[in-house]
Amino acid sequence: MPDEDRYRNSFRYFENHDCRFYPCHDSDHINCLFCYCPLYPKDDCPGSYTWITSKDGRKIKSCIDCMWPHEPENYEQIMKLLSKP
């Protein structure tokens with residue numbers, strides 16, 4: 001985690017070590033603030049994702065390898081994206 005002490009227990013960052021799914025990503029530190037990504041429904045998400053076609057032909061956004069919302073330095077950008085209609 002970059003600059004660990006600056007973000008520890010802040011409004012930008014927390015880790016829930018007691019969560020039964022922790023760690024949900026392969027990382028030494030994970031920001032649990034956006035556990036279920038609020039940017040999932042947005043097509044202009046800056047995170048890394050791919051589109052998968054399901055068996056019934058429906059396109060599904062896969063964010064399995066995305067760590068972008070879990071990095072505390074992206075908090076302001078996430079909030080800005082969420083405020084857009």
Side-chain angles (χ1 to χ4, degrees):
M1 175 170 69
D3 203 359
E4 187 172 331
D5 290 331
R6 185 174 85 171
Y7 291 118
R8 186 178 304 282
N9 296 323
S10 75
F11 67 94
R12 301 169 195 259
Y13 187 92
F14 78 93
E15 286 183 76
N16 184 2
H17 294 273
D18 294 329
C19 176
R20 68 182 182 149
F21 300 110
Y22 186 90
C24 54
H25 291 275
D26 186 23
S27 177
D28 291 338
H29 295 283
I30 182 109
N31 187 0
C32 302
L33 182 63
F34 298 112
C35 174
Y36 293 98
C37 185
L39 301 177
Y40 181 82
K42 296 196 171 279
D43 289 334
D44 62 346
C45 172
S48 58
Y49 61 89
T50 57
W51 290 101
I52 298 172
T53 304
S54 68
K55 290 180 183 179
D56 63 359
R58 205 171 43 124
K59 292 193 96 167
I60 301 168
K61 190 176 181 181
S62 172
C63 309
I64 196 163
D65 294 324
C66 183
M67 291 295 296
W68 193 85
H70 301 293
E71 296 166 355
E73 59 271 13
N74 295 327
Y75 177 84
E76 278 84 10
Q77 193 171 354
I78 291 170
M79 299 311 289
K80 186 176 181 180
L81 287 167
L82 291 176
S83 68
K84 288 173 32 178

A.B. asks: Could you check whether Asn74 and Glu71, counting side-chain N and O atoms only, form a donor-acceptor pair closer than 3.5 Å?
C.D. replies: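 There is such a pair (donor and acceptor under 3.5 Å, judged by atom type) between the side chains of Glu71 and Asn74.
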A.B. asks: Share the residues that join Tyr40 in a hydrophobic cluster, the rule being Ile, Leu, Val, Met, Phe, Trp or Tyr side chains under 4.5 Å apart at the heavy-atom level.
C.D. replies: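 Its cluster mates, by chain and number, are Ile60.
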A.B. asks: Connecting only ILVMFWY residues whose side-chain heavy atoms lie within less than 4.5 Å of each other, what is the rest of Ile64's hydrophobic cluster?
C.D. replies: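 Result for Ile64 is none, singleton.
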A.B. asks: Any chance you could measure Cys37, atom SG, to His70, atom NE2, to the nearest 0.5 Å?
C.D. replies: 7.0 Å
A.B. asks: Please give me the minimum heavy-atom distance between Cys32 and Asn16, naming the atom from each residue.
C.D. replies: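 In this case the closest contact between Cys32 and Asn16 is SG-N, 3.2 Å.
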A.B. asks: Tell me the closest heavy-atom pair linking Lys84 and Asp44, and the distance in Å.
C.D. replies: NZ-OD2, 3.1 Å
A.B. asks: Taking atom CG of Asp65 as the centre, report whether more than 12 heavy atoms of other residues, nucleotides or ligands fall under 6.0 Å from it.
C.D. replies: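 No, CG of Asp65 has 12 or fewer neighbouring heavy atoms, counting only those of other groups under 6.0 Å.
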A.B. asks: For the SG atom of Cys35 and the OH atom of Tyr22, what is their distance to the nearest 0.5 Å?
C.D. replies: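 Nearest 0.5 Å value for the SG-OH distance: 12.0 Å.
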A.B. asks: Is there a path of hydrophobic side-chain contacts, each under 4.5 Å between heavy atoms, that joins Ile52 and Tyr49?
C.D. replies: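 Cluster IDs for Ile52 and Tyr49 differ.
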A.B. asks: Can you find a pair of side-chain heavy atoms, one from Trp68 and one from Ile78, that are under 4.5 Å apart?
C.D. replies: yes
A.B. asks: Ignoring hydrogens and geometry, is there a side-chain-to-backbone donor-acceptor pair from Lys61 to Lys42 under 3.5 Å?
C.D. replies: yes
A.B. asks: Is any side-chain heavy atom of Leu39 closer than 4.5 Å to a side-chain heavy atom of Cys63?
C.D. replies: no
A.B. asks: When rounded to the nearest 0.5 angstrom, what is the spacing between CG in Leu33 and CD in Glu15?
C.D. replies: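 Output value for this atom pair is 12.0 Å.
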